[in-house]
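Following: one structure in C-alpha cells, then a few remarks.
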Amino acid sequence: MASNGIRRIGVLTGGGDCPGLNAVIRAVTKTAIMNHGVQVCGIEDGFLGLVQNRIKELRQEDVSGILTVGGTILGTSNKCNPSRYCTGMDEQGKPIFKDVTDRCMDHLQHWRLDALVVIGGDGTMSCAKDFIRRGVNCIGVPKTIDNDLIGTDITFGFQTAVETATCAIDRIHTTAASHHRVMVVEVMGRNAGWIALHAGVASGSDIILLPEIPFDYGVICEFITQRHLHHRSCTIACVSEGARPVGGRQVVNHHDPTSPDPVRLGGIGKIVADEIEKRTGAESRVTVLGHVQRGGTPIHSDRLLGTRFGFHAIELLMGGQRNRLVVMRNHKVTDIDLLDAADKQRLVPLDDTLIAAARAVGTCFGDAPVA
Ligand code: F6P
C-alpha cells in the first residue's frame, strides 16, 4: 500500500539517450505498482513533456517486454531546461529564453504527482535542482554513456557503449593489419575519457588519447615510426572526441544555442589522422563511431544496473527519503544528496590504475615516449 503520502509519481528520462533507460523505467514502474500500490505517470521527452503537459499513466503492461530494448519508451530531450526554456528566435536569430518552471509546477499539481524520478546525466540533475528548490521531491538515477556523473562509480549505458566501441575497434584491427595502415577511431565521451580509456584498453589500441592527458604529435609520430621499424605493420589509435594537443583546444563540431549544454564536440579524429599521415608518411584513415555507441540493446550489466537503480529509487521514496541520487559505490547501490551531484563532471583521474596498466603493456597516451 502507498505510504509516506506518496500515491502517484512521475518518471522522466532526460539528456542524450543510452542503453538501459528502459530497464530503469520498467523497474521503477513495476516496483511502485506491485510493491507499493503507487501509480506511475510517464513524462514524455524529459522536462520538455513537463513543460508541454505531455504526461500519461504507465501501467504494468506498458513496461512489459522493454528490458532488452535500447533507447527510452518515454522519449528524451537534451535541449530543455524549464528555467531557461527556448521559446523562439529573435530577429538576429538568437534564441529567446523564458523561465517556465511555474507552468511545470501547475502540470505536476494537475497530475497530482507527489514526487519525480528523474533519470539523466548532469544536465537533467541540474534541472531537477530547480524543482527541489520549489519543494518537489526528486530522486535522481544516473545515466550517460560518458560515465562522467560525479558521486557514482558508474552510470548505466557506459558499459554497453564500451562494448560497442570495443567490437567496432576489433573489426577495424583486421582491415588495418591487411592494409598496413594507421587507423584512428574517434569515440564519444564529451570532456571525459572513460569510453576511450576502457574501449581503447579492451581492444588493445596502440594509442589512446584522452581529454585528461593533452597529447604531443611528436610523441605519437615517433611511436608510430618505431612501430614500423619493429615491423608492426599497423597502428590503432582510440581517440576521445574531447582529446586535444598540448596547448591546443578541443575540436567543436557545432554549437546548439538552444541546448543547456550548447557545445557538441567532434572532429579531432580526422585532424589526428591527417597530421600522422603528413608527419610519418603512413597511410591513415579515420572512423567516427558517433551515435552507434548510444544505440542498440543494453548488455547484461546495464540491464542489471538499470534494474537495481530503478528499484532503489522507489525504495528511497517509499522509505521517506527526499532529493537523493541513486549511485553505485564500491560495488554497492546506495545514494547521495542529489544537489551534490548536479553541475559537476567526473573526469578520469590521472592515477587511474587502468592508465598505469595500459602504459605497462606499451600503450602510448601521447604525453611521453613509451619505454
Ligand atoms: O552525453 C552523451 C553524448 O553522446 C556525448 O558523448 C556526445 O558528445 C553528445 O552526447 C552528443 O550529443 P547529440 O546527441 O546532441 O549529438
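In what follows, residues are counted from 1 in the order of the sequence shown. Atoms within a ligand are numbered from 1 in the order they appear, just like the ligands themselves.
- Every atom of ligand 1 is numbered from 1 in the order shown, and the set under 4.0 Å from a heavy atom of Glu241 is 5 (C), 6 (O), 7 (C), 8 (O).
- Side-chain atoms of Asp335 and His312 form a donor-acceptor pair, as typed in the model, at a separation below 3.5 Å.
- Gln293 does not count as a contact of ligand 1, since none of its heavy atoms falls under 4.0 Å from the ligand.
- Ring centroid separation for the pair Phe311 and Phe309 does not come in under the 6.0 Å cut-off.
- Neither side chain, His300 nor Gln159, offers a donor N or O lying under 3.5 Å from an acceptor on the other.
- Side-chain contact, Ser83 with Asn81: a donor N or O sits under 3.5 Å from an acceptor N or O.
- Closest heavy-atom approach to atom 3 (C) of ligand 1 within the set Lys143, Arg294, Arg190, His291: this belongs to Arg294.
- Using a 4.0 Å cut-off between heavy atoms, Ile195 makes no contact with ligand 1 at all.
- Near Gly189, the atoms of ligand 1 lying under 4.0 angstrom from a non-hydrogen atom of the residue are 6 (O).
- Only the side chain of Arg264 comes within contact range of ligand 1, with a heavy atom under 4.0 Å; no backbone atom does.
- Ring geometry, Tyr217 versus Phe215: the interplanar angle exceeds 60°, so the pair is classed perpendicular (tilted spans 30 to 60°).
- Only the side chain of Ile145 comes within contact range of ligand 1, with a heavy atom under 4.0 Å; no backbone atom does.
- A donor-acceptor contact closer than 3.5 angstrom is absent between the side chains of Thr334 and Arg329.
- Residue contact annotation: Asp146 has a non-hydrogen atom under 4.0 Å from ligand 1.
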